[in-house]
Every structure is written in C-alpha cells, then in structure tokens.
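Please read the structure below before turning to the comments.
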Protein chains: 2
Amino acid sequence: MLTNSRLVHQPHDHGRCINAAMTRAHDLCIEQNARMTTTRESVLRLLWQSHRPLGAYQLQDQLAELLNKPIAPPTVYRAIEFLLQLGLIHRLPSLNAYIGCPFPNSEHSNLFLICTECGSASEMAHATINNTLQSAGAKVNFTLQSQSLELFGLCPQCSEPLEADSNE
Amino acid sequence: MLTNSRLVHQPHDHGRCINAAMTRAHDLCIEQNARMTTTRESVLRLLWQSHRPLGAYQLQDQLAELLNKPIAPPTVYRAIEFLLQLGLIHRLPSLNAYIGCPFPNSEHSNLFLICTECGSASEMAHATINNTLQSAGAKVNFTLQSQSLELFGLCPQCSEPLEADSNE
DNA sequence: TTATTAATGTTATATTATAACGTATATTAA
DNA sequence: TTAATATACGTTATAATATAACATTAATAA
C-alpha cells in the first residue's frame, strides 16, 4: 500500500512536499520530452501549496495573482490537461477539483480520502483494492480500463478533536 | 454481492425493470411519508427508460416533452435532489449524470461499472469491497462516511464483439 | 375554511468547461 | 542563421452544469 495520508493529515515540512513534487515533475518532463513551461509549473506548484484540491477558477485567481497578469480559463484548463496527461495531478470528479499526485510513477488506484471537515485529500494506491475491483468486474464480464475512487469522511486531525482536548 | 449487471448489459424485458423500480419508489414514499408527485415520478421513470445515466439537461428536455410544457432547470434539480435523498437514484460525479438505483433498500457500495463504449452503467454492492475500503481507511485513521466508486471499461456486450461474430 | 406546509413556477445568475481563431515562442530542418 | 514547423499561449465567445431568490400554486392540517 502506498499513501501520502500521514503527510497530508498531519503537520509536516510542507516545503519538502512541494520541492519533491516539482523535482519529480521536471524529471518526468525530461523523460517524456515534454515542456514544463512557466504556466504549467505555476499551476502545479499552486496545486501543491496545500493538500487541498483546488478548482479551476481558484487556480485562475491564484495564477493571475502569482504571474501578475490576467489569466483566462483556457490557460488554466490547458495547464491542467497537460499535467493530467503526465499523471502529475488528478481530477476529483465529485469536487470538480484538482490535486497534485504524490507518486506519479507508481501503480495507481485513483483512490482518494477526502476529509469532509477540512477539505484535505490524500491518495492511496492499494493492490488489494485494485485486485478486488478487477475481479469483481471480471465476475460480471466487465473489462476494467480505469477507475475513480473517492472516499469521504474525517481525516485523523478532524476525527479526534476530543481526544486532543482531553489533556486540558 | 448484489448487482444488476447481468440485466443492464444484456437484452432483457426492460418494462419489468421500470415497473419494479416504480413500485419500489411508491412503496418507499409511503414508508417515508414522502410525496411522489408527477414531476418526481416522471424524472424517475425517465431515468429508468434505459440503463444509461442521464444529465440534468437531458432530463429537462425529455421531461418537457413528456409533460408537454416548458420545464426550467430548478424543477429538474429539485426532483433529482428528492430522489437522491430517498436513495432512489444516484449521481455519477465523473459524468455529471444520474441513474436509477436498482436496490434502494439494500446495503450499498456506490460502485458503478460504466461502459466507455455504450454508456450503460450497472451498480454493484459488494461487502468485501466495502470492508477493504473501510479498513484501508482505518489503517490511516480515516473515518469513512461515504464513498463514490466508478469503474470504467467495457461491458460484456461491448467487450466481446469478435466472439459474437466468430460464429459467422 | 383558514392556516400552514410543501411543491412548483419563474427569473436571474453562479460555476465549470470548451470551441474557435489569432499570436507568440520554441524547435527542427534547410 | 534563417525558414518552416510545431507547440504553447492569448483572447473572445459561449456551452454545460447547477443554484439563489422570490412568487405562486397545491396539498395537508387545524
């Protein structure tokens, strides 16, 4: 099982998350002979500013501010599409929002744990789940191509406020 | 495991699907003391016309034609919301579309098998998957509240065209 | 019947996403 | 190094999905 859950849902040196993600992204671009332009890099960096997914128009606002010039929706959506195709980000359909992928090169489950309280989202890759889904599909002769798995609930931080306070 | 997959992805007496669904819906409304109005019943029936999910504006068009009067989006969305709350339909976030629920009273996985070829969608409820997801979440202290699971691929009908043709 | 609640009608608008076409910048080939 | 080509971005308009706010009608309860 692969997950960034502990990082996402606990205080941590987030600068390292960002740097690691940006390095991975640049490496991947070189490998794939793809161009990491200013716009694309900025969008990716914005998506890594927090572990909360951002909508396209939130990205638009933040990108305009960051680059200090007006940005139109197509610019944002183009960057999003590029990053999606490289596997550097994911789309969370139930939120119409996007989030950086913590392990763009690894096996995927497209499984997200989304906190309904604080909005943070972590990703998991889970061979058992993949196998179970695959064989559940196979049982009814369904040939699995891709999947989108969203779990909603309370992250560790948000599910234990009482325990944290009980020391007072 | 509970699924309507075999029904969805194979030729069948679809009138029975519709009738069964409408009966279940009426029963549920009585049980819940909810009102099954003309608009709501029409939307539900439209969603059961096929095993393909429909978008809100497809529903709007079809509802306007069926009721022979102009229908505005809020009317559709209100009916959708009502039916969602009763568990009579589901929303498929990746498609922005809605589909009738074949077993509104049973345990749910919110697991959908969506054919990328013909657009049909079947639903499964699967205790093993639920347990696996639940415990995968628990492992990282995530308290699961709800889930949305969408599998994309080829349904039986669409995945075996060659085999079907091979008799010629 | 009247009061009350629930449902629908109506208008306007918010939010998310894409089409179409022009311009600029980078890469490749000559 | 320049011309040709491909790629990315700018710009305008608009499509597609969804909701807010308030008026009206219908159903139920007092």
Side-chain angles (χ1 to χ4, degrees), chain A residues 25-26 28-30 32-44 46-47 52-86 88-99 119 148 150, chain B residues 25-26 28-30 32-44 46-47 52-86 88-99 119 148 150:
Chain A
H26 281 280
L28 190 63
C29 281
I30 289 166
Q32 305 269 324
N33 198 29
R35 296 187 207 159
M36 181 55 79
T37 65
T38 306
T39 306
R40 292 165 175 177
E41 171 162 358
S42 302
V43 168
L44 182 60
L46 287 170
L47 285 177
R52 284 190 193 81
L54 293 180
Y57 285 78
Q58 290 177 284
L59 280 171
Q60 179 188 20
D61 291 346
Q62 297 185 19
L63 190 60
E65 189 172 12
L66 183 67
L67 301 183
N68 200 35
K69 64 176 178 180
I71 299 289
T75 301
V76 178
Y77 280 102
R78 282 173 189 144
I80 287 172
E81 195 188 352
F82 173 85
L83 296 168
L84 282 173
Q85 279 184 355
L86 279 184
L88 291 168
I89 65 172
H90 293 286
R91 181 171 193 270
L92 300 183
S94 68
L95 302 177
N96 295 324
Y98 306 87
I99 192 167
S148 164
E150 296 173 288
Chain B
H26 281 281
L28 190 61
C29 280
I30 288 165
Q32 304 268 325
N33 198 29
R35 294 185 207 163
M36 181 55 80
T37 65
T38 306
T39 306
R40 292 165 175 178
E41 171 161 359
S42 301
V43 168
L44 183 60
L46 287 170
L47 285 177
R52 284 189 193 81
L54 293 180
Y57 286 77
Q58 290 176 283
L59 280 170
Q60 179 188 21
D61 291 346
Q62 297 185 19
L63 189 60
E65 189 171 12
L66 183 67
L67 301 183
N68 200 35
K69 63 176 177 179
I71 298 290
T75 301
V76 177
Y77 280 101
R78 283 173 190 145
I80 287 171
E81 195 187 352
F82 173 84
L83 297 167
L84 282 173
Q85 279 184 355
L86 279 183
L88 291 168
I89 65 172
H90 294 286
R91 181 170 193 268
L92 301 182
S94 68
L95 302 177
N96 295 323
Y98 307 86
I99 191 166
S148 164
E150 296 173 287

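Note on naming: letters A, B, ... go to the chains in the order of the sequence lines (proteins, then strands), and numbering restarts at 1 for each one. Not measured: the values here are computed from a predicted model.
- With contacts defined as side-chain heavy-atom distances shorter than 4.5 Å, the pair B:F82/B:L86 qualifies.
- Inter-residue side-chain proximity for A:K69 and A:I71 is flagged as met; some heavy-atom pair is nearer than 4.5 Å.
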**OP:** Could you run through nucleotides 17-27 of chain D and give me one letter per nucleotide, 5' to 3': B if any protein heavy atom sits under 4.0 Å from the base, S if only the sugar-phosphate is that close, - if neither?
**Re:** BBBBB------
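- Side-chain contact between B:L88 and B:M36 is present, with heavy atoms from C-beta onward closer than 4.5 Å.
- Atom CG of A:L67 is separated from atom C1' of D:dC9 by 12 Å (rounded to the nearest Å).
- To the nearest 0.5 Å, atoms CG (A:L59) and CG (A:L47) are separated by 4.5 Å.
- Contact annotation: the side chain of A:R35 never approaches that of A:C29 to less than 4.5 Å [non-hydrogen atoms, C-beta and beyond].
- Between B:L54 and B:Q62 there is a side-chain heavy-atom pair separated by less than 4.5 Å.
- Of all nucleotides in DNA chain C, those with any atom nearer than 4.0 Å to a heavy atom of chain A start and finish, going 5' to 3', at C:dT16 to C:dT27.
- Smallest separation of non-hydrogen atoms from B:G119 and B:R52: O-CG, 3.5 Å.
- Between A:V76 and A:A56, the shortest heavy-atom contact is CG1-O, 3.5 Å.
- Of the residues in residues 36-44 of chain B, not one places a heavy atom less than 4.0 Å from an atom of DNA chain D.
- Between the C1' atom of D:dT7 and the CZ atom of A:F82 lies a distance of 11 Å, rounded to the nearest Å.
- Within the 4.5 Å cutoff, the side chain of A:E41 has heavy atoms near those of the A:H26 side chain.
- At least one donor-acceptor pair under 3.5 Å links the side chain of A:E150 to the backbone N or O of A:S94.
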